[in-house]
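In each ligand, atom 1 is the first atom listed, and ligand 1 is the first ligand listed.
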Amino acid sequence: MGVGAVVTRHDFLATLHTQLQPRGYLEIGVQHGYSLRLASCPAVGVDPDPKVVVPLGPHATVVPSTSDAYFTTVNATQLPFAALDLAFIDGMHLYEYALRDFIGVERLAHAGAVVVFDDVLPRNQVEAARVQCPGDWTGDVWRIEPVLRAWRPDLHITLVDTDPTGVLVVYGLEPASTVLADEYDEILRHWPLADVPVPPDVLHRYHAVPPEMALAEIEDWRTTA
Ligand SMILES: C[S@@+](CC[C@H](N)C(=O)[O-])C[C@H]1O[C@@H](n2cnc3c(N)ncnc32)[C@H](O)[C@@H]1O
């Protein structure tokens, strides 16, 4: 991954797989399999309507389910791998779904795991609307970043300037934390489920770092943690 190159979310994920060498990978939102195929480790992809068109790794399984239903049926000891080290949240593009996905992932993961959200840097108001638009649609997943910063200041949270619509990297998890689940209704009261304008700092990516910087920070954290 060259400095200054346009880096897609899939480039970023692929590099993260190489860097972390995860023992297990969980993906919410599989669609055609373009991100799930990057996992050569034991992997589970969850999607109520998977349409996989590419060969997946030899240890990948697709679970045809909504993430909400999946999380009610599985605990960490039932995962088909030793540890959940890397997760990609790219399912329903509404922030309350992304929040529930994070709650579910954190419960299954461990303190050293890394979670990546897709679609946190919409490029305009239309693709950030809660009603799906034609073409690229981020929905309002961008709101997950301020929500996690407000309710979980203990997490490491980094916005990353990837193509086309940015990713959010979160680590320093606390699987036993119940803050987000306990405060879920309160969070939705603060952040009602309605369209709100995307702030200029999000549209212009003021707080997003280059992918190389995010990867270096993760490596520093892993080696000093
Ligand atoms: C943007 S696509 C995923 C793309 C894929 N991660 C990639 O990068 O190639 C979003 C997927 O989320 C799935 N999805 C929608 N609602 C979901 C839910 N409640 N739980 C899990 N997946 C969901 C859709 O069926 C769709 O296939």
Side-chain angles (χ1 to χ4, degrees), residues 1 6-18 20 22 24-57 59-74 79 84 86-109 114-124 126-144 160-170 180-181 184 188 193 211 214:
M1 190 184 294
V6 173
V7 173
T8 68
R9 58 177 171 240
H10 290 158
D11 294 336
F12 183 79
L13 257 188
T15 308
L16 211 42
H17 275 285
T18 304
L20 299 179
Y25 169 77
L26 176 61
E27 177 169 292
I28 306 302
V30 173
Q31 200 180 38
H32 302 308
Y34 292 126
S35 47
L36 187 55
R37 74 171 161 179
L38 303 173
S40 53
C41 64
V44 173
V46 179
D47 193 314
D49 186 23
K51 298 182 171 72
V52 176
V53 296
V54 289
L56 301 176
H59 310 295
T61 311
V62 175
V63 178
S65 167
T66 65
S67 50
D68 285 332
Y70 175 75
F71 288 126
T72 63
T73 60
V74 71
L79 292 169
L84 172 49
L86 178 62
F88 186 42
I89 296 179
D90 190 20
M92 174 55 78
H93 289 176
L94 295 172
Y95 99 87
E96 70 276 21
Y97 283 74
L99 176 58
R100 294 199 300 272
D101 288 345
F102 181 77
I103 293 169
V105 164
E106 186 177 36
R107 188 172 52 82
L108 295 177
V114 175
V115 181
V116 179
F117 290 86
D118 197 17
D119 295 310
V120 292
L121 293 169
R123 296 158 297 183
N124 55 63
V126 173
E127 70 182 10
R130 287 177 59 83
V131 173
Q132 184 163 6
C133 61
D136 287 340
W137 178 57
T138 63
D140 62 354
V141 178
W142 66 270
R143 297 163 85 186
I144 196 71
V160 189
D161 185 10
T162 53
D163 191 55
T165 49
V167 296
L168 184 74
V169 178
V170 179
L180 296 172
Y184 182 80
L188 266 54
L193 304 182

* Asked: What part of D68, side chain, backbone, both or neither, has a heavy atom within less than 4.0 angstrom of ligand 1?
  -> neither
* **Protein heavy atom at shortest distance from atom 7 (C) of ligand 1** => S35 OG, 3.0 Å
* Would you say Y97 and ligand 1 have an N/O pair spaced under 3.5 Å apart? -> no
* To do: Consider every N or O of T66 and every N or O of ligand 1, then say whether any pair is closer than 3.5 Å.
  => no
* To do: For Q31, counting its heavy atoms only, list the atoms of ligand 1 lying under 4.0 Å from any of them.
  => 2 (S), 3 (C), 4 (C), 27 (O)
* Asked: Roughly how far, to the nearest 0.5 Å, is CG of L94 from CG of D140?
  -> 5.5 Å
* Asked: Identify the closest protein heavy atom to atom 15 (C) of ligand 1: which residue and atom is it, and at what distance?
  -> M92 N, 3.9 Å
* Which of parallel (below 30°), tilted (30 to 60°) and perpendicular (above 60°) describes Y34 and H10? -> tilted
* To do: Report the C-alpha distance between V141 and D118 in whole Å, list the side-chain angles of each, state the deciding distance to 0.1 Å, and finish with yes or no for side-chain contact (heavy atoms from CB on, under 4.5 Å).
  => CA-CA 8 Å; V141 178; D118 197 17; over 6 Å; no
* Return a yes/no value for S65: is any of its N or O atoms, backbone included, closer than 3.5 angstrom to an N or O of ligand 1? => no
* Residues D136, R123: salt bridge by 4.0 Å N-O rule -> yes
* Counting both backbone and side chain atoms, is some N or O of S67 under 3.5 Å from an N or O of ligand 1? -> yes
* Taking the side chain from W142 and the backbone from Y95, do they hold a donor-acceptor pair closer than 3.5 Å? -> no
* Structure fact -> atom 10 (C) of ligand 1: closest protein heavy atom, distance to 0.1 Å, is D90 O, 3.2 Å
* Return yes or no for this condition: an N or O of P48 is under 3.5 Å from an N or O of ligand 1. => no
* Asked: Taking Y25 as the fixed residue, which of L84, L38, L36 is the one that meets the side-chain contact (heavy atoms from CB on, under 4.5 Å) rule?
  -> L36
* What do you reckon, does D47 have a nitrogen or oxygen under 3.5 Å from a nitrogen or oxygen of ligand 1? -> yes
* Structure fact -> min-distance protein heavy atom vs atom 8 (O) of ligand 1 -> H10 NE2, 2.7 Å
* **Audit row: R9, D119, side-chain contact (heavy atoms from CB on, under 4.5 Å) steps and yes/no** => CA-CA 9 Å; R9 58 177 171 240; D119 295 310; 4.1 Å; yes
* Asked: Is the Lys NZ or Arg CZ of R100 less than 6.0 Å from the centre of Y97's six-membered ring, within 45° of the axis?
  -> yes
